[in-house]
Each structure stands twice: as C-alpha cells, then as structure tokens.
Protein chains: 2
Amino acid sequence: MQLIYVLLTMADSSHPLPSDTPNPLLRLENQLCFPLYAASRMLTKAYQPLLLELGLTYPQYLVLLLLWEHQELTVKELGEHLLLDSGTLTPLLKRMEQRQWLRRRRAPHDERSVIISLEPAGEALRGPACRIPEQLLDRLGMPEAEFIALRTQLNHLLTRLQ
Amino acid sequence: MQLIYVLLTMADSSHPLPSDTPNPLLRLENQLCFPLYAASRMLTKAYQPLLLELGLTYPQYLVLLLLWEHQELTVKELGEHLLLDSGTLTPLLKRMEQRQWLRRRRAPHDERSVIISLEPAGEALRGPACRIPEQLLDRLGMPEAEFIALRTQLNHLLTRLQ
DNA sequence: TATTAATTAATTGCACACAATTAAAACTTA
DNA sequence: TAAGTTTTAATTGTGTGCAATTAATTAATA
C-alpha cells in the first residue's frame, strides 16, 4: 500500500489514470478522511452516556469547558475556539440559556457582541463533569504515548487545515 | 488509571492554568476529542469545493466510494462500512436516488433488505472523482509518513471504539 | 406448525453544522 | 460628519447524525 501511495502521489498529473482503472486512492480504507470522520463520531458517541447524566450534548459540553476556563466569552470568541459559526452557536446557546446554564447579553460597549456568561446551574455542572475525561480515558484503554501522539498529530493537521 | 502520569503529560505547560481551574483534564486543549471533532469538520470542509463541482456532499461521496468498489451493497452493508444507521442512510440514499446516481430495490430473496446499486450517472462521477484524493493531498501538503501514521493511529482508535 | 424472536429499513423527532443572507452597530475615510 | 465599509449575530434553508419507535419479513423453536 505504501508503495502505491508513493507511486500515485509522485505520478505526473498531466497523465491521469483512465477512469476505469481501479484507483487505490479512491478506496475507502486508504482515505485519511474516513477514519477521521468515523472516529470523531464514535468518540462523541462514547461520551454520550456520561453526558446524558448531565443532560448535555457533546458540543454543549465543549461550550461549558470553555466557560469553566474563561468565565465569560463572546459568541465570536466561542466560535474562534470551537471553529463554529453563529449559525450553529446561536441556537445551541439559546437552548443552554433556557436550561439556565448560561446567560446571553449584549456587550454594553459594543452592542454587536453577545457576551455568554455562566449561571450557577452551569457552574454546578463542573463538579460532576470533572470525572468525565478520566472515565473516557479508562474506556479507551489507550496507552498514554499513543494518546498524546495522536492528539499532537491531529493538532498539526488542524493547523494545516486553517 | 495512572492519573498522576496523565496529568503531568497531558497538561500543556505553555498555557498556565487559571487558579480556579482545578482539573487540567477539563481544559479544551488537553482533550483528544476536540481536535478530532474539529479536524474532521475542517477536513470535510476542505473537500467541499471539490465535491461541489460534482454536486456531492461528503457522506454521499463516501457512499459512492463504496459503490465504485462493490457495484452493489445493501443498506445494512453500507451502514457497516460507514458506521451509519438507516436513520441517516435512508434519506441520504433517497436523495441520491432522485439524482439518478443509484437505484434502491428490495432483495428478491429477502424482502427485508434493500439493495443499492449504481446507475450510469453514478458510474460517470468516478472519472472526475478520481482526482479528488490527490488534489486533497496536495492541498494538505502533509508529509507522506505523517499521513500514513495518522491514518494508522485513527484506525487503531476506531478499533478501540467498537 | 404456530408462536416467538431476531433482522432489516423506514419513520419520527431533535440537535447539530454550515452556506448564504439579513440587520444592526461600529468603524473608516473622504 | 455623511457615506460607505466592516464587524457581529441572527436567520433561513438544507443535509446530516442518531436515539427511539414502528412495520414488515425472516428465522428459530417449542
């Protein structure tokens, strides 16, 4: 497989393969994107039973992680951290506001911005949430070196993608 | 598990903790899940302009990758490969059927199963799609060793998650 | 064989994601 | 300062994902 990869990536692109030639690069198992896509969904699913006890979805959990660190953030700042736009965040944050986990208010000095801040009920979730990362690491049963190597490589990929 | 080791190795010392953040494992940057989640979305977004030329979404592209390999598959088999259930696949496949890329029919020997097979328009997408993996590799500008290492590690993670 | 269990898709309802557009506020600059 | 530009959220519309349920078919078994 690695040889094929080398050959194809080094091939002269002015002489493309005929379309009926089996192309190993088109095989699902040779893609990078698929294991990334699938592992992301499966890992989110692994969080599900733990988050369900707190009534949280996974992206809501990410928002809380940031708010536990920063107390308050604008929608724009949340979007920069999470790489999400207002089309995703606005309805998500409204649902979290209804649950009284956070508050949304316009910034007094700049009415364009909306400041998201923790409410007591949102603060209160931090205690029970503290155990989630450990529980997940246990469930993964992944060697630390592998965990850290993978996280590092994913962060590199993320840098390349921005 | 080995909590002390985990804490020491997973905390990112270039970003000192606020005094009121008791658990480094709760910081967004120390999670594995977030770069996985974000990189998956960003990589899908990188495919977008290439897929848009063919009128495809990313999961539709994955379905075609499998059909180009296997000619026909049941919904169940597609779901096993892609780790998706009928709740996702049925409407997705109906949209692809409307575009005449594929056909859905009940298996004659087992009326529970639905066989998905390529139509000419779906076959015809294979030629133009052939260049997508290479174009994406170019765009990533990722060393081949890193590409393969990351893919291998993601496949390991995927195995752990099943 | 009759009944029960298991399998397979489809359906329903909800929550993301995200492109594209809109609207309000703040900034720039002529 | 007036006009145009930029910034920030919200809105709209489409397409996933997925849990839970339903319905039809097949398999298992008493």
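Residue numbers begin at 1 in each chain, while the letters A, B, ... track the order of the sequences.
For C:dA15, its base never sits under 3.5 Å from the side chain of A:Thr57 at any donor and acceptor pair. Interface remark: the A:Thr90 side chain does not form any donor-acceptor pair with the D:dA9 base, using a distance-only criterion of under 3.5 Å.
Nearest-nucleotide mapping onto DNA chain C: of B:Lys45 and A:Pro59, the residue sitting toward the 5' end is A:Pro59. Where A:His109 and A:Pro91 each meet DNA chain C at their nearest nucleotide, the meeting point lying more 5' is that of A:Pro91. Residue A:Lys94 is the one, among A:Lys94 and A:Tyr37, whose nearest nucleotide of DNA chain D lies closer to the 5' end (criterion: closest heavy atom). Between B:Leu84 and A:Arg104, the residue anchored closer to the 5' end of DNA chain D is A:Arg104, taking for each the nucleotide with the nearest heavy atom.
Contact check, B:Arg106 against C:dA9: no side-chain N or O comes under 4.0 Å of OP1 or OP2. In this model, the phosphate group of C:dC16 is approached by a side-chain N or O of A:Arg95 to a distance below 4.0 Å at OP1 or OP2. Side-chain nitrogen and oxygen atoms of B:Thr74 include at least one within less than 4.0 Å of the OP1 or OP2 phosphate oxygen of C:dA9.
A:Ser40 and B:Arg41 are not linked by any side-chain donor-acceptor pair at a separation below 3.5 angstrom, with hydrogens and angles left out of the test. Between the side chains of A:Thr90 and A:Arg104, not a single donor N or O lies within less than 3.5 Å of an accepting N or O.
Both the sub-6.0 Å distance and the 45° axial angle are not jointly satisfied by B:Arg151 relative to the ring of B:Phe147.
A:Arg106 contributes a side-chain N or O that, together with a main-chain N or O of A:Arg112, makes up a donor-acceptor pair within less than 3.5 Å.
When all heavy atoms of B:Pro35 and A:Asn155 are compared, the closest pair comes out as CB-OD1, 3.6 Å.
At the heavy-atom level, B:Thr44 lies nowhere under 4.0 Å from the strands shown. Looking at heavy-atom distances under 4.0 Å, B:Leu89 makes no contact with the nucleic acid at all. Heavy atoms of B:Thr88 sit under 4.0 angstrom from at least one base atom.
Comparing atom distances between the A:Asp110 side chain and each of C:dA26, D:dT25, D:dC18 picks out C:dA26 as nearest. The A:Ser86 side chain lies nearest to D:dA9 when the options are D:dC18, D:dA9, C:dA19. Side chain of B:Ser113, nearest nucleotide from D:dC18, C:dC18, C:dA9: C:dA9. Residue A:Val114 has its side chain nearest to D:dA10 when only D:dA10, C:dC16, D:dG17 are considered.
Here the P atom of nucleotide D:dT14 and the CD atom of B:Gln98 are 13 Å apart, to the nearest Å. Nucleotide C:dA19 holds its P atom 12 Å from the CG atom of A:Leu83, rounded to whole Å. Atom CD in B:Gln48 sits about 12 Å away from atom P in D:dG15, given to the nearest Å. Put simply, CD1 on A:Ile116 is 7 Å from P on D:dA10, counting in whole angstrom units. Distance A:Glu111 CD to C:dC27 P: 12 Å, rounded to the nearest Å. At whole-Å resolution of the value, CG in A:Leu78 and P in C:dA17 are 14 Å apart. In this structure, B:Arg99 atom CZ and D:dG15 atom P are separated by 9 Å, rounded to whole Å. As a whole-Å value, the separation of A:Leu51 CG from D:dC18 P is 14 Å.
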Review point. Would A:Ile116 and A:Leu89 satisfy side chain to side chain contact (heavy atoms under 4.5 Å, CB included), going step by step from the backbone distance to the final call?
Key: CA-CA 11 Å; A:Ile116 308 300; A:Leu89 286 174; over 6 Å; no
